[in-house]
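Worksheet for the structure shown next.
A note on names: the letters A, B, ... follow the listed sequences, proteins ahead of strands, and every chain is numbered from 1.
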Protein chains: 2
Amino acid sequence: MNELLRALPLDEEATHAHTGAWVASVLRTRIAEGRLRPGSKLSEQSLAQALGVSRNTLREAFTVLGNELILTRIPNRGVFVASPGMDDVREIYAVRRMIEPAALQWGPELNVPGLERIVKRARAALASGKIEAMADANQRFHEEVVRASGSAQLQELMTRVLAQMRLVFHAMSDAPDFHSHYVELNASLVDLLRAGERDQAAQALRGYLDTAETELLAHLKDRMAADGS
Amino acid sequence: MNELLRALPLDEEATHAHTGAWVASVLRTRIAEGRLRPGSKLSEQSLAQALGVSRNTLREAFTVLGNELILTRIPNRGVFVASPGMDDVREIYAVRRMIEPAALQWGPELNVPGLERIVKRARAALASGKIEAMADANQRFHEEVVRASGSAQLQELMTRVLAQMRLVFHAMSDAPDFHSHYVELNASLVDLLRAGERDQAAQALRGYLDTAETELLAHLKDRMAADGS
DNA sequence: CGAGGAAAGATTGTTGAACAATCTTTGATT
DNA sequence: AATCAAAGATTGTTCAACAATCTTTCCTCG
């Protein structure tokens, strides 16, 4: 239980304006980094003390992160870091399969050079073996795709969904490298886009997302069977 | 200022479990009904007293509705019912132009009979002059379209966006009847879908959304010019 | 008479303590 | 060992207080 406290070194300062939002962002970061593992219980009293805020303010942050599906709130039981299951993965890909191809096909602010730059960075990271940076670039790629939609709300939804994806990966620490062989697939998407074949790019992306989902689901199924034994 | 209190007759009972969420839903309903007009200031003290909850609980509801963009929070100034402007309308249609056609074209749970039923109801409401019910059916139609995506998060986003749309209409009480001539356009969409022409349906919907946006923006522009004089 | 600005008043942001309701653990009993 | 009640801990909610900030009032000065 004291792991919680060690995981929160309080690097930043309290901004004294909108403390609730600040607490939310701290927790968001800690969860994204994997320092708070899926399933962990977040005790109000301990956390409030560790963060140096009141229980009320902490609760405001819980409300925000609960809406983002990063935290799971069980009434009278407490809040936990969400640990997404197979249904959640299906939901995540249902979202992505809609908005990412739509942005590629119809997005009014498609930025092909920006995508090229990200692919380049991903390739460099992959070549130098920095899988952390590579996964990061991969995420940036898909965020940039949705940015083409020109909608801040869709972009925010995509950010949320990618945060949930990170939770999925953190939930299975023995994950094989799902990201690296998507670098070249993303590159081929950029090729299609540069040629102006937006319909084909959207179609291809749908295919990639389909296979990614089935791969993930298969691995998750094995994982859960392993847990059961 | 006492208008606020009169607008909140407290029909329902407090459920004593998750009061914050209950307060949020009460305010959501009041705003959707137009009893709390865009731009109104919601004073914490008055509202908390009127609703019979503490300021802290009310604040939790404010956090939720602020994330839904139904309330605008200005630090140290207070919270106001959002009054969407032209940029917000553009954002709304940027979202709709992505997710609605995507759901029509690719949604795995497209329910054409359900859409037919809604169109039928809309026609009946239009014929009997109940524009209230007709606007409601129109909204249902677009919610059902997004339901085809099979994603709860996309559906929630659509519900949020439609709530913002209602705010736009409430902001201009002199709105002409934007809805009624879309009943037949929705019907023609259903015709295309029944014929299995999902691509064409998506394309057509994009067109409808484009014209709806430009009409709305034009009217809003006039409205704002009228306000300025 | 009007503009500027300081002081008073009101509102928001945040905290701490308190209490009821609910869950969890403990321990006694059978 | 299983059952159940009491004790303990945690969450849900409220209240009261205070600092920070905004708004209004009113006074002074040009």
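Set against C:dT15, C:dT12, D:dT13, the side chain of B:K41 has C:dT12 as its closest nucleotide. Of the candidate nucleotides C:dT15, C:dG13, C:dT11, C:dT11 has the atom lying nearest to any side-chain atom of B:Q45. Listed candidates were C:dT15, D:dT13, C:dT12. Nearest to the side chain of A:S54 is C:dT15. Closest to the side chain of B:N76, from the set C:dT12, D:dA16, C:dT22, is C:dT12.
Between B:R97 and B:E213, at least one side-chain nitrogen of the basic residue sits less than 4.0 Å from a carboxylate oxygen of the acidic one, meeting the salt-bridge criterion.
The distance between the ring centers of B:H179 and B:F169 falls below 6.0 angstrom.
Considering only side-chain N and O atoms, A:S43 lies nowhere under 4.0 angstrom from the phosphate OP1 or OP2 of D:dT10. Contact check, A:T19 against C:dG13: no side-chain N or O comes under 4.0 Å of OP1 or OP2.
Going from atom CD of B:E60 over to atom P of D:dT11 covers 14 Å, rounded to whole Å. If you take CZ of A:F80 and P of D:dT11, they are 9 Å apart, rounded to a whole angstrom. A straight line from CZ of B:R73 to C1' of C:dT11 spans 13 Å, rounded to a whole angstrom. For the pair A:N56 CG and C:dT12 P, the computed distance is 17 Å after rounding to whole Å. Protein atom CH2 of A:W22 is 11 Å distant from nucleotide atom P of C:dT14, rounded to whole Å. Atom CG of A:L42 is separated from atom C1' of D:dT11 by 14 Å (rounded to the nearest Å). Look at CZ on A:R59: it is 11 Å from P on D:dT14, rounded to the nearest Å. Atom-to-atom, CD of A:Q49 to P of D:dT10 comes out at 12 Å; the value is rounded to the nearest Å.
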What verdict does the side chain to side chain contact (heavy atoms under 4.5 Å, CB included) test give for B:Y182 and B:T211, after you've listed the backbone C-alpha separation in whole Å, the side-chain angles of each residue and the deciding distance to 0.1 Å? CA-CA 11 Å; B:Y182 282 102; B:T211 66; 3.6 Å; yes
Let me see the working for B:L216 and B:M165 under side chain to side chain contact (heavy atoms under 4.5 Å, CB included), right down to the final yes or no. CA-CA 10 Å; B:L216 239 186; B:M165 280 291 300; 4.0 Å; yes
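Judged by closest nucleotide on DNA chain C, B:R77 is the one of A:V53 and B:R77 placed further toward the 5' end. If B:P75 and A:E44 are placed on DNA chain D by their nearest nucleotide, the residue sitting closer to the 5' end is A:E44.
No hydrogens or angles were tested; on distance alone, a donor-acceptor pair under 3.5 Å links the side chain of B:R55 to the base of C:dG13.
A:L58 has its side chain within reach of A:L27: a pair of non-hydrogen atoms, C-beta onward, lies under 4.5 Å apart.
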